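Take a look at the structure set out below.
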Amino acid sequence: MTYDFHKIEKKWQAAWKKKGQYSAKDQVKGKDNFYHLVMFPYPSGNLHIGHWYNFAPADVYARYMRMQDKNVMSPIGFDAFGLPAENAAIKNGIHPEKWTMKNIKMMRTQLESMGNSYDWSRMVVTCLPDYYKWNQWLFLQLFHKGLAYRKKAPANWCPNDKTVLANEQVVDGKCERCGTDVVKKDIEQWLFKITDYAEQLLNDLDKLDWPERTKLAQKNWIGRSEGAEIDFAVKGLKEKIKVFTTRPDTLFGATYMVLAPEHPLVANLLASQMKSEKALPAGRQGIANWGEVEKYIAATKKKTDIDRLAEGKEKTGVELKSIKAINPANKEEIPVFIADYVLSTYGTGAIMAVPAHDERDIEFARKFNIPIRYVIDPVTGSPQKNPAEKDKIVALVENAKGEILTINWGANAGGRLLIGGTVESGEDIVKTAKREVLEETGYRNLKLIDVSKERVHHQYFSYNRNKGFLAHTTLVYFRLENNEKDEQVLDDTEKGKFSVEWVTKDQVRKEINESLHRYTFDKFIEGTAYSGDGVLINSGKFNGLTSEGAKGKITEFVGGTTKVQYRLRDWLISRQRYWGTPIPIIHCPKCGEIAVPEKELPVKLPPLKDFKPADDGRSPLARNKKFLHTKCPKCGGAAERDTDTMDTFVDSSWYYLRYVDPKNKKRPFDPLRVKKWLPVNMYIGGAEHTVLHLLYSRFFTKFLRDIGLIKFDEPFKALRHQGIILGPDGQKMSKSRGNVIDPDKLVREFGTDAVRTYLCFMGEYSKGGPWNPTGILGAVRFLERFRKFFENYNPKKKDSDKEIQPLIHKTIKKVGDDIASFQFNTAVSALMIMLNELEQKPGAVGKSDFEMLAKLIAPMAPHMAEELWVSVLKNKPSIHFSSWPKYDAALTKENEFELVVQINGKVRDSFRVPIDITEAEAKKLTLEREVVKRYLAGREVKRVIYVPGRLISIVL
RNA sequence: GCCGUCGUGGCGGAACUGGCAUACGCGCACGACUCAAAAUCGUGUGACCUUACGGUCUUGUGGGUUCAACUCCCACCGACGGCACCA
């Protein structure tokens, strides 16, 4: 009998479809609902192996949950709006709708060939008016709540796709889709105020069963930071400059300010000056060098993010001459600059600059010769209990060649260090440093270059003196004048223990790890700022406080307020493209932005002949006069429709709700039906949507909760990602490389069940990896052997032999546990191990265990399992609605185990013993073993460790 | 630069809570069946030394803790992913 997998797979697919067995009812008596969801595909027209890797193991999980007696809903649909349809349409001259619908038809056939347990009756296609009507409706709900707003501001513009993009769609300054450099362009655009939900989006991550790295990526994307807003007065102006800072403790060190080039204050000053044609109004403070300032602003506008990155972060900027701000802490006048290293989109678009304690500020300050004032003493080392205090120095000595003087204690005794020492009572700092250099190295002619303005408070434990110290260390920087040397002055603990070496700066960079010495080098040679916490100095009455303690106090002192800032920006949803949901807004010259009345929804996408994007940033819809011109719903006057379409991520932000009630004509969904299914129990898809779809969906859910449509605040309780399958060459699959694996071909050759099984088996699900062209043969052979084993089925033999019980029950447990935890590879492996064993004892398996075997393989190979279930075991379909076999915990245990004997940590022997052997018995048997005797001959046993059920370890 | 994940045979990978590293599969070699080949079945397969019995080494590198380390600690190297002038 040959097994025609094509025929059988087709047969069962047709049978399941006819019966509609995967169409989920909203309620089934005695069963809990389980919403199982995969990320719906974009209808590109071709189901690739990546889709398979997402959907096939996901279906294994769904089928397993169904056999756990859940009422499983596993819907599918198409994310059908978007650029590729348009681009393909432009290229091939077909209408995007035609192209899309044709692809959907094709992909549906491909999807059906997978044999997944999809509920096709709930299919959602986002480009159809009965879906996007509700996009528009939801837009209007956001609009009414003030959460959808329009604004003109520099947006990310892709010159190739000729549309604006959301922040999330710009990757490394390039368009996520086509890789073109994104430029800034001023356009009126619609945004959703996702930032209102920043706090909730951050906090609620904690309660999600999501991969940690995904949660972390969202956390970073939202980017919460705590700080203060502080006003700086400007001499001669009413306006104040508000800054956001996370380090109010460093306020006394703020020696200048920087405004973003787009900061409104600059624009205002320039505007008032232009009106008066350079001449400033009497008594009014202005910008003396306004021409230069304007030029810089213009230059900034032209730059793309790529340009800015390409400049290697070299700081540029222009001072606003004759403008002075007042540092509110010490009332000092400080200069004000504009520079593009300050972003207009973050905080207040202005900063106080503290060069001594900020990397970026020190770089800028050096370039523009701005004073650097130290206000934080670093604290290094590890805290000690009641440390003894003393003053110390660290000396950095550089010679004419630029080499650094070090002493090397060797790898096991402290490694490479600079010169350090203790200040003796009454001794001067510089003198101490010179003395220490002389004593340890003999060099005596040193020229002082610099002494640090701050001291480093270093805590450490001295093993020599067995006690903790707190050393207040001053850093001293010398240049060696000449090589004249005296004798070293060393004590017994030092003699011959270290060598004096001149080394290059690179070597210092690599080899000096000791924190204090490292810091000395970084400060003088690398010129880096200290951005860590510490103790305040040069800060008036706040001296001596810790950074943490000073933050609140200084903020209060200058009348600032504490403030939480987020990195997250509002979600820009306007697209100047054709193939998307029209924005349901009418622009009336009298009434402004007016919502299209709900009764008039959907605003249908007009059939357009020319849907190419325009260079001027206007949507193609603007060219359709019939669409464009309308009446204002409020005043009845002539008005224009908004001609932008929505980002397709709007569509996918709520599709999982529509699946529950896909044909509802009155509302996006019936809340009562939603209540039965949501939140989604298990969501499976790629990790590439971490800060896009997965964030937006969470935002939509929270909004829908706030307007009372739903009662939960997170859409996806659990989330799992599949990895990416690479080509056989280990490279990303691409047509140009010719390493693309075609799943349709695999199905023709090996059958759906084999492809599914191999995808499960090939490796860790979330990891992916290269495709092994011969690897699938393993799955093919395994399924064939599995099926053949059923030739041993004897309906008269009721129960299995006792000896195979542990194997069978262990396997039931293992396969179930593994599928539940997405370890599909080891689930398949366990089945292989079981089959290998059973093939040795073909007659040992009874009727009920044959049924069990079919059930265990049913999630992976649903067609073959159903065939065995019906044709061989003579059961009624369908195996997929039978219950997963229960294992008997008592039977999973073997009654013997292999006791391993280790002698001095090495395995020397092993033998089988009863599982309940006592320690004494095990020891006795071990010592009687010939091999063991041989090793023990004439030696004393020091220790014996017995680990029940595992091993016995003898130490000689 | 910061944050995160991960490094195990020729390859994909397994290993519970520190307890026989390399399960399972691919590939390869040999054998059986065959006129022959494919398919199938059987045996072997980390490296090195050894005729053999057996021994030594091995989970990115170097150190440490332990009777025992892929697993824990420290330092480093490499790959991948996220963020990146975010004040």
Side-chain angles (χ1 to χ4, degrees), chain A residues 171-173 211-221 223-225 227 243-247 250 254 258 260 305 308-309 311 313-315 339-343 345-354 357-361 363-364 411-412 415 510 513 531 565-569 687-688 690-691 724 728 730 758 761-764 766-779 781-782 784-785 788 817 823 825-826 828-836 839 898-910 942-956:
Chain A
V171 177
D172 292 332
E212 283 306 317
R213 62 188 162 115
T214 303
K215 290 202 264 184
L216 194 76
Q218 285 209 358
K219 214 171 170 171
N220 292 340
W221 186 259
R224 182 180 199 272
S225 50
V243 302
F244 172 73
T245 177
T246 55
R247 294 298 301 271
T250 63
V258 186
D305 288 350
R308 279 166 70 162
L309 284 173
E311 281 164 7
K313 297 186 184 175
E314 164 86 9
K315 299 278 178 295
D340 66 2
Y341 85 93
V342 171
L343 309 174
T345 46
Y346 185 77
T348 61
I351 62 157
M352 63 179 219
V354 185
H357 304 293
D358 184 280
E359 278 302 325
R360 297 152 297 178
D361 296 345
E363 198 192 320
F364 191 85
N412 295 323
K510 263 193 211 150
N513 292 316
S531 53
Q565 252 324 315
Y566 294 94
R567 207 197 69 105
L568 183 70
R569 310 286 154 78
E688 68 275 14
T690 296
V691 294
I724 295 169
Y758 180 61
F761 183 64
M762 64 179 279
E764 195 186 310
S766 63
K767 243 175 108 185
W771 177 263
N772 180 344
T774 54
I776 191 169
L777 295 175
R781 287 172 195 151
F782 164 64
E784 180 62 17
R785 273 167 49 212
K788 271 208 170 133
D817 289 354
Q823 289 163 295
N825 53 339
T826 47
V828 176
S829 161
L831 288 170
M832 288 173 168
I833 291 168
M834 177 180 71
L835 182 64
N836 289 347
E839 280 176 335
E898 188 87 3
L899 180 70
V900 171
V901 183
Q902 288 188 354
I903 296 169
N904 278 347
K906 289 205 179 345
V907 179
R908 295 300 180 186
D909 195 13
S910 72
K942 284 202 192 115
R943 229 178 121 186
V944 178
I945 296 127
Y946 175 70
V947 185
R950 300 229 180 250
L951 55 70
I952 190 159
S953 181
I954 301 170
V955 188
L956 299 179

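Below, chain A is the first sequence line, B the second, and so on; all start at residue 1. Model, not experiment: these values are computed from the prediction. Both backbone and side-chain heavy atoms feed into the values below; hydrogens, waters and symmetry mates do not.
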What is the distance, rounded to the nearest whole Å, between atom [atom1] of [X] and atom [atom2] of [N]?
X         : N      : atom1 : atom2 : value
Lys788(A) : A39(B) : NZ    : P     : 14 Å
Glu688(A) : G82(B) : CD    : P     : 10 Å
Met762(A) : A14(B) : CE    : C1'   : 16 Å
Met832(A) : A14(B) : CE    : C1'   : 13 Å
Ile351(A) : A87(B) : CD1   : P     : 11 Å
Arg567(A) : A87(B) : CZ    : C1'   : 14 Å

With side chains defined as the heavy atoms from C-beta onward, is the minimum distance between [X] and [Y] less than 4.5 Å?
X         : Y         : answer
Lys942(A) : Ile954(A) : no
Asn904(A) : Lys906(A) : no
Lys219(A) : Lys215(A) : no
Thr690(A) : Gln218(A) : yes
Tyr758(A) : Val828(A) : no

Would you indicate, yes or no, if [N] has its OP1 or OP2 atom less than 4.0 angstrom from a side-chain nitrogen or oxygen of [X]?
X         : N      : value
Asn772(A) : G13(B) : no
Arg781(A) : C26(B) : yes
Lys215(A) : G82(B) : no

Which base sits across from [N] as a Watson-Crick or G-U pair, both distances under 3.5 Å?
N      : result
C35(B) : none
G42(B) : C30(B)
U56(B) : A47(B)
G9(B)  : none
A75(B) : U61(B)
G1(B)  : C83(B)
A68(B) : none
C20(B) : none

For nucleotides [N] and [M], find the distance between their [atom1] atoms and express it as a whole number of Å.
N      : M      : atom1 : value
C57(B) : U43(B) : P     : 31 Å
U66(B) : C53(B) : P     : 37 Å
A23(B) : C16(B) : C1'   : 14 Å
G9(B)  : G25(B) : C1'   : 14 Å
C35(B) : A47(B) : P     : 36 Å
A37(B) : C30(B) : P     : 12 Å
U59(B) : U8(B)  : C1'   : 4 Å
C70(B) : U58(B) : P     : 10 Å

Within the structure shown, what part of the strands sits under 4.0 Å from [X] by heavy-atom distance: base, sugar-phosphate, or nothing?
X         : answer
Leu777(A) : sugar-phosphate
Thr345(A) : nothing
Gly949(A) : nothing
Asp361(A) : nothing
Lys942(A) : nothing
Gly769(A) : nothing

*Closest approach of Arg569(A) and Arg567(A), non-hydrogen atoms and distance?*
NE-O, 3.1 Å

_For Ala687(A) versus Arg213(A), what's the shortest heavy-atom pair and its separation?_
CB-NH1, 4.3 Å

*In chain order, what residues pass the salt bridge (Lys or Arg N to Asp or Glu O under 4.0 Å) check against Glu898(A), with sequence neighbours excluded?*
Arg912(A)

*Does Glu839(A) have any salt bridge (Lys or Arg N to Asp or Glu O under 4.0 Å) partners at least two apart in sequence or in another chain, and if so, which?*
Arg785(A)

*For atom CG of Leu216(A), decide whether the heavy atoms of other residues, nucleotides or ligands shown that lie under 6.0 angstrom number more than 12.*
yes

Distances under 3.5 Å only, N/O to N/O: pair up the protein atoms with those of nucleotides 5-7 of chain B.
none

Choosing from [options], which nucleotide comes nearest the side chain of [X]?
X         : options                : value
Arg785(A) : C85(B), G25(B), G27(B) : G25(B)
Val955(A) : C67(B), C26(B), G25(B) : C67(B)
Lys315(A) : C85(B), G27(B), G25(B) : C85(B)
Leu216(A) : C3(B), A87(B), A14(B)  : C3(B)
Tyr341(A) : C83(B), C26(B), C85(B) : C85(B)

*Between Arg908(A) and Gly763(A), which has a closest nucleotide on RNA chain B that is more 5'?*
Gly763(A)

*Mapping Arg247(A) and Gly905(A) onto RNA chain B by nearest heavy atom, which one lands closer to the 5' end?*
Gly905(A)

Enter the distance from [X]:[atom1] to [Y]:[atom2] here, rounded to the nearest 0.5 Å.
X         : Y         : atom1 : atom2 : answer
Asn836(A) : Phe782(A) : CG    : CZ    : 8.5 Å
Ile351(A) : Thr245(A) : CD1   : OG1   : 8.5 Å
Asp817(A) : Gln823(A) : CG    : CD    : 9.0 Å

Check nucleotides 30-33 of chain B for protein N or O atoms closer than 3.5 Å to its own N or O atoms and list the pairs.
none

*Quick one: is the NZ or CZ of Lys315(A) closer than 6.0 Å to the six-membered ring centre of Phe364(A), and within 45° of its axis?*
no

*asked:* Listing request: all side chain to side chain donor-acceptor pair (under 3.5 Å) pairs with a residue in residues 766-777 of chain A, at least two apart in sequence or in separate chains.
replied: Glu764(A)-Ser766(A), Asn772(A)-Thr774(A)

Taking N or O atoms only and anything under 3.5 Å, show me the protein contacts with nucleotides 16-23 of chain B, one pair per line.
from: C16(B); atom 1: N3; to: Arg950(A); atom 2: NH2; distance (Å): 2.6
from: C16(B); atom 1: N4; to: Arg950(A); atom 2: NH1; distance (Å): 3.3
from: C16(B); atom 1: N4; to: Arg950(A); atom 2: NH2; distance (Å): 3.3
from: G19(B); atom 1: N2; to: Gln902(A); atom 2: OE1; distance (Å): 3.4

